[in-house]
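I have a structure I would like to understand better, so I am pasting it below and will then ask my questions one at a time.
Worth knowing before you read on, the calculation uses all heavy atoms, side chains too, and leaves out hydrogens, waters and symmetry mates. By convention in this document, chain letters (A, B, ...) are assigned in the order of the sequence lines, proteins followed by strands, and residues within each chain are numbered from 1.
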Amino acid sequence: MQASDRFNINSQLEHLQAKYVGTGHADLSRFEWAVNIQRDSYASYIGHYPMLAYFAIAENESIGRERYNFMQLSSGKCFYRVAFLQKEKTTNERLAKRNHKGTVFALENVQSHSQRRMSSSSSSKAIIKTLIKNPTRIRSKHQAKQLHAQFLRTQSLSHTSASVVISIYTNLKLLHEALLLFHTLESPPVLAWKSVIRCFTDQSLFSRALSSFVDMRASGRCPDHNVFPSVLKSCTMMTDLKLGESVHGYIVRLGLDCDLYTCNALMNMYAKLQGMGSNISAGKVFDEMPQRIIDSETMSNALPSGIDSVRKVFELMPTKDVVSWNTIIAGYAQSGMYEDALRMVREMASEDIKPDAFTLSSVLPIFSEYVDVKRGKEIHGYVIRKGIDADVYIGSSLVDMYAKSARIEDSERVFSHLLRRDSISYNSLVAGYVQNGRYNEALKLFRQMVTAKVRPGPVAFSTVLPACAHLSTLHLGKQLHGYVLRGGYSDNIFIDSALVDMYSKCGSIKAARKIFDRMNVHDEVSWTAIIMGHALHGHGHEAVSLFEEMKQRGVKPNHVAFVAVLTACSHVGLVDEAWGYFNSMTEVYGLNHELEHYAAVADLLGRAGKLEEAYEFISNMRVEPTGSVWSTLLSSCSVHKNLELAEKVAEKIFAVDSENMGACVLMCNMYASNGRWKEMAKLRLRMKKLGMRKKPACSWIEFKDKTHGFVSGDRSHSSMERINEFLEAVMEQMEREGYVADTSGVLHDVDEEHKRELLFGHSERLAVAFGIINTEPGTTIRVTKNIRICRDCHVAIKFIAKITEREIIVRDNSRFHHFNRGSCSCGDYW
DNA sequence: TTAGGGTTAG
């Protein structure tokens, strides 16, 4: 065969098409599509799957020759049968099967016969003959082996009967036994092939299923409709869309594209392999094709892709069952085409097909995404009426739906009613807790899952790690990391990104960076996690250069990445760079400025002391500023001691959020530090009237796998005496080295000495002291505080770090401070 | 032959 003939497929296909039209064997639209698919995929399979490619060519070459003949290829192994002939054969087979109906058979006979060690080989043969016609009666490994043995004993194991034995083995999932027999056959019949292919697929040995399929075709056997669901499932699981499309072309040519199960499997494949790059838009295939083909077909007549293919298969199906509907609905739902999915549900109902558990578990995530708890609840009601509310699939969808609608109590209720809980139902609730900020409960449930012997999969780790990140529990995070490594999940991009985030939020930016550097692929999420990590640790320049590297490597920053880089600029005062990034969002990347970006820039200007500019910027935002955006400016006013502007800003905050406690507290502090006790008292009275209570400042530290919490001024901790002793001793030395208490941040109207005492009891200081007295010299101290670190404590901890020769890392609500040798990583810019 | 849960910010 000349290479040019191979590629001159267009004209051959036209002939083939002409031949089919009017014969009633295939309708034109179906056929055209198959031809398109075949045109695309056959070329790419030359070299990769030579047999499949040859088949495509063989068909075209057979046009104009014997219509009902086989054709042998030059490879010497390949046969091809044209479609309508195959159809006829299938019908005959069905008839033949019908004629055999009514054969009497009793398995017990075989057992009793064998027990009696029958000597008459003729009667043994008769029994086997009956058995072989009723293979479903054999229900155990023992019985199957017995039958096999009988064959061997009577020496009557023909190819046909061997195939039946193989199919019996495979139906019982006895792959090993089936293969032993299979390999003894010189030319296995179709039944033998399809049995092993199905068994490989059942046991998740997808690539072996596919290679068996290719071998089957190479051996000249023609598959029937029973084979394709397995083959297509294997293509799906191997994410081999090219092969799947080639198989599809073959299915159409065999006239099997009317088969219900085959079509359902086809739809499933196209739905699952969306975005796998079916539409050849570039690359090798084009290089190999003559220009004429490229012009005439690829450009003007692009192949249907992904969900379009699903729809097309669906529309062309002569009969559809509930699985067909469920598959297309799931396909739409997974590709984000929610309205289409819901439309299909309505259409399905109008065709009088009732939605089942499959349908609903595909539909519920849509309402999670829409945060439409009303419609979600309607489904919940329907599910209860249908009595399928204990279904694990539905259950986890419901848990997720309620959690995403901020109704975590309802999630808990659904979860508690589940009869069976698998790893996904646990994950749904763990994720729900994390999404609703209930990190401790997330960790607790994760532990319960492990205790209940439900093995956490990869998703479980990417779900629970953010809880550790938020709580700064490094020891738990490390344990989970160990679990991840042992589970072999260490190259999962979701988990790796979560680990990068966890380590950086738990104060270990070095470990975070190590994981990031070891990752094989980086996406925008992993880049953002490491950029944010460096930003939080005050490595603004490093963060900015990572952001540049990300762009250079062709990863397009999303809106979260911009939040990260703007935060980085903000923490080190890179005002000009930040403006550049802020503007590039809209000008270069077509991203809208969202509240977070405005907030980051406002924060940046405020920190940099450009308070008036920040005020103007917030006033002119395109989005209505929230209390929290103004709050960042308020805290900058407090840092830069601008009471006048602070009052203006506070007014703005109270206009949108009259009960903003953070603003009240900050204003109280500012009035106090300016000695304006009257205003302070007024504000406190207001807070009291509104029933507002100040959120207590607290800090925590991990010691021996336990978290020790300290509240400002609280002396209840069992180690308090030792802590005080330490602080008094260290204070003496600090004062000798020049420490002067900065009491301006103390809001109480008390004398200086009392103020100093109050500073003494600040939670971060207590936690640091506890850490130092309980650990070996040289151990790094990691403390987390729920609100911004106090200015005086910042100075004090610098001294403490120097005197005790410790590295002290304090995470407050916005960043990390690494205290080392008398200075802090933030460079006092915070 | 069909279904459910996940990472970065806020």
(message) In this structure, how many angstroms lie between the P atom of B/dG6 and the CG atom of A/D400, rounded?
(response)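 So the two atoms are 5 Å apart, to the nearest Å.
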(message) So if I take every side-chain heavy atom of A/T327 and compare against B/dT2, B/dG6, B/dT7, which nucleotide ends up nearest?
(response)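 Per side-chain heavy atoms of A/T327, the pick is B/dT2.
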(request) State which of B/dA9, B/dT7, B/dG4 makes the closest approach to the side chain of A/Y393. (result)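 The listed nucleotide nearest to A/Y393's side chain is B/dG4.
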(message) Is there, by distance only and without an angle test, a donor paired with an acceptor across the side chain of A/S361 and the base of B/dG4 below 3.5 Å?
(response)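 Counting by modelled atom types and ignoring angles, no donor-acceptor contact under 3.5 Å is found here.
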(message) B/dT1, OP1 or OP2 - any side-chain N/O from A/K320 closer than 4.0 Å?
(response)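 No, no such contact exists.
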(request) Not counting sequence neighbours, list each pair that qualifies as a salt bridge (Lys or Arg N to Asp or Glu O under 4.0 Å) and has a residue in residues 489-510 of chain A. (result)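 Every pair satisfying salt bridge (Lys or Arg N to Asp or Glu O under 4.0 Å) with a residue in residues 489-510 of chain A: A/D501-A/K505.
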(message) By the 4.0 Å heavy-atom rule, please label A/S462 as base, sugar-phosphate, or nothing.
(response)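 The residue A/S462 makes base contact.
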(request) Determine the interplanar angle of the A/F516 and A/H522 rings, folded into 0 to 90°, and report it as parallel if under 30°, tilted if 30 to 60°, perpendicular if over 60°. (result)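 Geometry flag for A/H522 against A/F516: parallel rings.
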(request) Ignoring backbone atoms, test whether A/Q435 places a side-chain nitrogen or oxygen under 4.0 Å from the OP1 or OP2 oxygen of B/dG10. (result)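 For B/dG10, OP1/OP2 do not have a side-chain N/O of A/Q435 under 4.0 Å.
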(request) In whole angstrom, give the distance that lies between atom CG of A/L418 and atom P of B/dG4. (result)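 The answer, rounded to whole Å, is 16 Å.
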(request) Report the nucleotide, chosen from B/dG6, B/dG4, B/dT2, that has the shortest atom-to-atom distance to any side-chain atom of A/V323. (result)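 Shortest atom-to-atom distance from the side chain points to B/dT2.
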(request) Go through B/dG4, B/dA9, B/dA3 for me and flag the one nearest to the A/K272 side chain. (result)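 For the A/K272 side chain, the nearest candidate turns out to be B/dA3.
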(message) Students often mix this up, so state it plainly: with edges at 30° and 60°, are the rings of A/Y250 and A/F228 parallel, tilted or perpendicular?
(response)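 Taking A/F228 first and then A/Y250, their aromatic rings stand perpendicular (interplane angle over 60°).
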(message) Using side-chain contact (heavy atoms from CB on, under 4.5 Å), reason through A/M348 and A/N326 one step at a time and then give a plain yes or no.
(response) CA-CA 9 Å; A/M348 175 183 182; A/N326 286 344; 3.9 Å; yes
(message) Categorize A/I493 for me: base, sugar-phosphate, or nothing, with a 4.0 angstrom heavy-atom threshold over every strand shown.
(response)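 Base contact.
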(request) Mind listing the residues from residues 443-456 of chain A sitting with a heavy atom below 4.0 Å of DNA chain B? Number order is fine. (result)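 None, since no heavy atom is under 4.0 Å.
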(message) Which residues pass the side-chain hydrogen bond (donor to acceptor under 3.5 Å, both in side chains) test with A/H559, not counting sequence neighbours?
(response)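 With sequence neighbours excluded, A/H559 shows a side-chain hydrogen bond (donor to acceptor under 3.5 Å, both in side chains) to no residue whatsoever.
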(message) Can you confirm if the NZ or CZ of A/R486 lies within 45° of the ring axis of A/Y483 and under 6.0 Å from the centre of its six-membered ring?
(response)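 Yes.
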(message) As a test of reading the structure: which of B/dA3, B/dT8, B/dG4 is closest to the side chain of A/K505, going by heavy atoms?
(response)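 When the side chain of A/K505 is considered, B/dT8 is the closest of B/dA3, B/dT8, B/dG4.
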